[in-house]
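Okay, structure first, notes after.
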2 protein chains.
Amino acid sequence: MSKRTEIATLGEFGLIRHLTEKIELKNESTVKGVGDDAAVLDYKEKQVLVTTDLLLEGIHFDLTYVPLKHLGYKSAVVNFSDIYAMNGKPKQITVSLGISKRFSVEELEEFYSGLQLACDIYGVDIVGGDTSASLTGLCISITCIGEGEKEKIVTRNGAKDTDLVCVSGDLGAAYMGLQLLEREKRVFKGEKEFTPDFTGKEYLLERQLKPEARKDIIELLDKAGIVPTSMMDISDGLSSELLHISKQSNVGCRIYEDRIPIDYQTAAMAEQFNMNLSTAALNGGEDYELLFTVPLTVHDKVSEMKGVKVIGHITRPELGNYLVGRDGGEVELKAQGWNSLNE
Amino acid sequence: MSKRTEIATLGEFGLIRHLTEKIELKNESTVKGVGDDAAVLDYKEKQVLVTTDLLLEGIHFDLTYVPLKHLGYKSAVVNFSDIYAMNGKPKQITVSLGISKRFSVEELEEFYSGLQLACDIYGVDIVGGDTSASLTGLCISITCIGEGEKEKIVTRNGAKDTDLVCVSGDLGAAYMGLQLLEREKRVFKGEKEFTPDFTGKEYLLERQLKPEARKDIIELLDKAGIVPTSMMDISDGLSSELLHISKQSNVGCRIYEDRIPIDYQTAAMAEQFNMNLSTAALNGGEDYELLFTVPLTVHDKVSEMKGVKVIGHITRPELGNYLVGRDGGEVELKAQGWNSLNE
């Protein structure tokens with residue numbers, strides 16, 4: 001029998017790296033290929049940003065509690081978020097759907113209405129796609145194309161020693177929203193109507209079911225004349241993303257637990273679930289906030305920026321990646337992010 | 001209960017049209033959106049072409065008899081074919097995979113080696129993607145980005161009365177290859193090794209398992225200084241594609257049965273299967289040949305072109321779309337193409 005290595009032994013990122021490490025770029029128009037939030041292509045004047053996301057039923061979403069309109073909205077927005085994370089602007093998407101017979105035209109209309117709503121709000125055109133039957137669940141593949149200015153595109157590999165580490169918004173709420181929905185799903189199991197009372201937890205649900213991409217932050221940074229030294233969006237969890245930036249920039253980082261922005265509802269829910277709040281904020285995925293680094297010289301500017309918080313700083317690589325706790329103790333950051341291939 | 005329309009009542013194209021008809025293009029950079037082989041985006045100097053394809057196990061391929069390396073090759077090539085069909089050049093692809101646990105790393109390497117081989121041969125870079133677990137079968141989504149010159153991009157809507165209708169290569173072989181593989185699969189059902197004898201039928205298998213995109217034809221046309229008035233690739237069957245061109249160009253067509261190019265192996269196999277040969281050539285999918293129209297004035301040039309055959313001509317729309325039989329009788333063309341949503 002031939003050699004067999006289980007995918008789990010490599011993990012998702014390991015697998016991608018393994019499969020793509022021998023790829024050599026050939027075209028002059030290919031500035032950056034595999035390995036960042038989006039690929040960078042040089043078509044003169046503006047650079048073209050391309051990103052793609054695959055969403056599979058039962059893996060990325062559960063139609064028991066995810067309305068199709070919200071799913072359409074979210075499917076588009078998570079792609080826009082990748083383009084913003086390059087300091088670019090999403091312009092077009094293509095949408096491919098694999099659909100089983102249990103879906104009706106009306107349900108697909110619902111999905112498309114959410115997709116279109118997101119596109120209208122963010123100024124994006126749907127320019128193509130593919131629709132096919134599926135033997136099993138719903139399969140969604142979206143590719144987003146955006147534009148960026150050559151001198152202003154931000155990748156993951158530019159963080160420098162002494163840079164400030166910043167995040168937008170707050171973290172952990174989308175994860176708490178998911179926990180809440182999963183719990184209610186168990187409670188309502190066997191019943192036909194899924195109508196739990198979510199009063200006082202609306203923010204958590206909104207963060208999970210209808211996230212937004214931080215177009216506003218990209219615009220604020222531009223207005224302030226700041227180009228981050230590195231940036232990515234937080235989809236797998238803060239810890240995981242920080243380690244990406246550290247690795248690709250060849251630096252280390254110190255993050256302060258008491259600086260991590262957390263919403264009141266997230267904190268209340270963590271207590272109710274008896275979960276560690278920082279763990280949820282560090283490792284809960286799907287926040288779609290921006291994580292970026294800026295030079296120390298713009299400290300005053302970013303500190304004043306609405307919706308942005310400085311949570312730590314970049315160090316030399318030999319100092320590693322640590323979370324500094326409220327008591328001053330240091331805990332090494334580990335990627336425990338949401339890894340669908342290991343589940 | 002709310003209204004429920006089954007997808008089958010609309011069909012694949014009807015569904016896409018239904019879902020996308022209300023989309024309005026907003027960006028100056030969006031020249032052409034939904035409705036052709038690829039979207040056209042204007043990023044100055046060169047125009048950017050984007051196309052995407054979704055391939056699902058059990059719908060588009062059967063791993064009983066499709067080697068993963070061939071599947072990787074074909075997944076890439078079918079996308080390149082769409083870019084060539086716009087008279088463009090494929091430059092980059094993104095690859096998203098949904099993978100169930102039954103696949104090993106080696107099997108995915110096989111898939112990628114086929115993908116990479118196609119990219120090497122056609123001069124394309126793999127620039128991104130997404131990899132995820134799948135609860136069921138293999139799911140492949142590829143997006144291809146290519147470049148085209150503004151004045152030379154060819155869409156489906158430019159065919160004019162008296163234009164010549166041309167096709168490259170020969171038709172029906174990929175369909176016959178599929179029939180052959182399906183028959184052998186039934187024969188070998190229950191046995192562990194799938195090793196039938198395909199001597200004398202190699203061409204049919206190659207056309208089904210490892211198709212090529214007609215880069216050579218695009219280069220020949222360019223060298224001859226010919227820009228087709230309309231073009232598309234034949235993926236769903238000649239009849240279906242001819243009707244697309246007729247509808248979008250607001251014309252009719254006459255195609256001559258005795259002019260349709262068919263390989264010897266295709267003809268022999270049709271006889272063996274007791275199938276109508278013209279039906280197979282007209283409606284069998286996956287040929288990935290080019291169907292295009294040119295002005296009557298270049299008749300001599302295209303007639304001399306290797307690998308190109310003139311099969312008929314464009315008429316005024318009121319004359320309809322007809323196949324002229326060997327006996328001179330006319331049969332209206334119908335789209336009986338390979339429609340995965342109706343299966």
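No hydrogens, no waters, no symmetry mates; every other heavy atom, side chains included, goes into these values. Throughout, a chain's letter reflects where its sequence line sits, starting with A, and its residues are numbered from 1. The shown structure was predicted, so the numbers you read here are calculated from the model rather than taken from an experiment.
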*Would you mind reporting whether A/I145 and B/V48 have side-chain heavy atoms less than 4.5 Å apart?*
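Of all side-chain heavy-atom pairs linking A/I145 with B/V48, none is under 4.5 Å.
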_Quick one, B/V127 and A/V50 - any side-chain contact, counting heavy atoms below 4.5 Å?_
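Side chain of B/V127 against side chain of A/V50, heavy atoms only: no contact under 4.5 Å found.
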*Hey, which of A/T143, A/L115, A/L55 has the most heavy atom pairs under 4.5 Å with chain B?*
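Option with the top pair count is A/T143.
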*How close do A/L54 and B/S96 get, heavy atom to heavy atom, and via which atoms?*
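That would be CB-CB, 4.0 Å.
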_If I compare all heavy atoms of A/L56 with all of B/G98, which pair ends up nearest, and what's the gap?_
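Smallest interatomic distance, heavy atoms only, reads CD1-CA, 3.9 Å.
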Using 0.5 Å steps for rounding, measure from the [atom1] atom of [X] to the [atom2] atom of [Y].
{"X": "A/S141", "Y": "B/I140", "atom1": "OG", "atom2": "CD1", "value": "11.5 Å"}
{"X": "A/I93", "Y": "B/T52", "atom1": "CD1", "atom2": "OG1", "value": "11.0 Å"}
{"X": "A/S134", "Y": "B/E57", "atom1": "OG", "atom2": "CD", "value": "11.0 Å"}

